[in-house]
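Working notes for the structure below.
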Amino acid sequence: MQLLNKIGVDTSTVQRIDAPTRDIYVERTLDGDRVFAGFGLDSDKYCDCSLDADKLPKDILSGADFMVTGTLGLAAPKTRAAMKAAAEMVKAGGGKVMVDVNWRPVFWSDNDEAKREILAFLDAADI
């Protein structure tokens, strides 16, 4: 955070909680492709599962031209709610939402739920 502040990045909207960042075990196939094999802790113990919708910067999001996001956060219910709320704020303010689908089954305990949630989030996206 100190480095970001030093180089002029506004960190006033960063949410911090007392949880570790995610460590992911990655294996490589013989042809060099990556396979995400698991985590060091239970998935819900990481800070990326705790984005709080109530702490989103509503004024910034509602004035944004674009929001670019992925789909991995949708696997965690609390972060999913915050991502949906953020997208709604951007769209309500006239902005566009771009979603980069990042399919990693290891993040999800239920592939059917993953498909439902990701497709619903994509339906609300512009790009």
Side-chain angles (χ1 to χ4, degrees):
M1 295 293 288
Q2 291 174 345
L3 176 59
L4 293 173
N5 288 325
K6 182 178 178 181
I7 62 173
V9 175
D10 178 5
T11 60
S12 64
T13 62
V14 171
Q15 293 184 26
R16 297 188 69 150
I17 66 163
D18 187 23
T21 57
R22 189 176 293 272
D23 30 294
I24 302 173
Y25 300 130
V26 181
E27 298 174 349
R28 289 206 178 265
T29 62
L30 292 176
D31 62 356
D33 196 19
R34 296 171 301 151
V35 176
F36 290 78
F39 312 107
L41 302 172
D42 291 338
S43 189
D44 64 347
K45 302 295 186 217
Y46 294 101
C47 60
D48 62 336
C49 295
S50 299
L51 188 61
D52 189 342
D54 293 333
K55 295 180 180 175
L56 292 173
K58 295 167 184 60
D59 56 330
I60 293 172
L61 290 167
S62 63
D65 293 325
F66 287 95
M67 177 177 124
V68 179
T69 185
T71 57
L72 293 180
L74 297 173
K78 186 172 183 177
T79 296
R80 178 188 315 145
M83 290 172 64
K84 289 178 179 181
E88 289 171 7
M89 288 178 218
V90 170
K91 291 184 75 75
K96 304 287 184 196
V97 175
M98 179 186 144
V99 177
D100 177 12
V101 178
N102 192 345
W103 175 241
R104 299 288 182 226
V106 71
F107 280 78
W108 295 87
S109 59
D110 179 337
N111 284 347
D112 291 332
E113 177 189 23
K115 183 176 180 180
R116 273 192 317 275
E117 292 296 340
I118 291 170
L119 289 175
F121 198 61
L122 289 174
D123 281 344
D126 297 291
I127 302 171

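Follow the hydrophobic side-chain contacts under 4.5 Å out from L56 and you never reach V14; the two are in separate clusters. Connection of I127 to M67 is not established within any shared hydrophobic cluster, with ILVMFWY side chains joined at heavy-atom distances below 4.5 Å, either directly or through further cluster members. Tracing side-chain contacts under 4.5 Å through hydrophobic residues (I, L, V, M, F, W, Y), one reaches V101 starting from F121; they form part of the same cluster. M98 and L119 end up in different hydrophobic clusters when Ile, Leu, Val, Met, Phe, Trp and Tyr side chains are linked at under 4.5 Å. By the criterion of side-chain heavy atoms lying less than 4.5 angstrom apart, applied directly or through intervening Ile, Leu, Val, Met, Phe, Trp or Tyr residues, Y46 is not grouped with I17; the two fall into different hydrophobic clusters.
For D100, there are no side chain to side chain donor-acceptor pair (under 3.5 Å) partners two or more places apart in sequence or in a different chain. Remark: F107 pairs with F39 by the ring pair (Phe, Tyr, Trp, His ring centres under 6.0 Å) rule, at least two apart or across chains.
Taking a cutoff of 4.0 Å between a charged side-chain nitrogen and a carboxylate oxygen, K78 and D44 do not qualify as a salt bridge.
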Residue pair W103, I118: steps toward the side chain to side chain contact (heavy atoms under 4.5 Å, CB included) verdict: CA-CA 9 Å; W103 175 241; I118 291 170; 3.9 Å; yes

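Atoms CG and CZ, from D110 and R116 in turn, are 6.0 Å apart once rounded to the nearest 0.5 Å. E113 CD to L74 CG: the interatomic distance, rounded to the nearest 0.5 Å, is 10.0 Å. Between atom CG of residue N102 and atom CZ of residue F36 there is a gap of 7.0 Å, rounded to the nearest 0.5 Å. The structure places OG of S43 at 3.5 Å from CZ of R22, a figure rounded to the nearest 0.5 Å. Here the NZ atom belonging to K45 is positioned 10.0 Å from the OG atom belonging to S50, to the nearest 0.5 angstrom. Atom CG of L72 and atom CD1 of I24 lie 7.5 Å apart (nearest 0.5 Å).
Residue A53 comes nearest to A85 through the heavy atom pair CB-CB, 4.2 Å, listed as atom of the first residue, atom of the second, then distance.
Enclosure of atom CG in D18 is not indicated, since only 12 or fewer non-hydrogen atoms of other residues, nucleotides or ligands lie within 6.0 angstrom.
Inspection of the R104 and T71 side chains reveals no N or O donor paired with an N or O acceptor under 3.5 Å.
Side-chain atoms of S62 never come within 3.5 Å of backbone atoms of G93 as a donor-acceptor pair (strictly under, hydrogens ignored). With hydrogens and angles disregarded, a donor-acceptor distance shorter than 3.5 Å links the side chain of T79 to the backbone of D48. Of the possible polar contacts, one joining the Q15 side chain to the D52 backbone as a donor-acceptor pair under 3.5 Å is found.
A heavy-atom distance below 4.5 Å is found between the side chains of R34 and R28.
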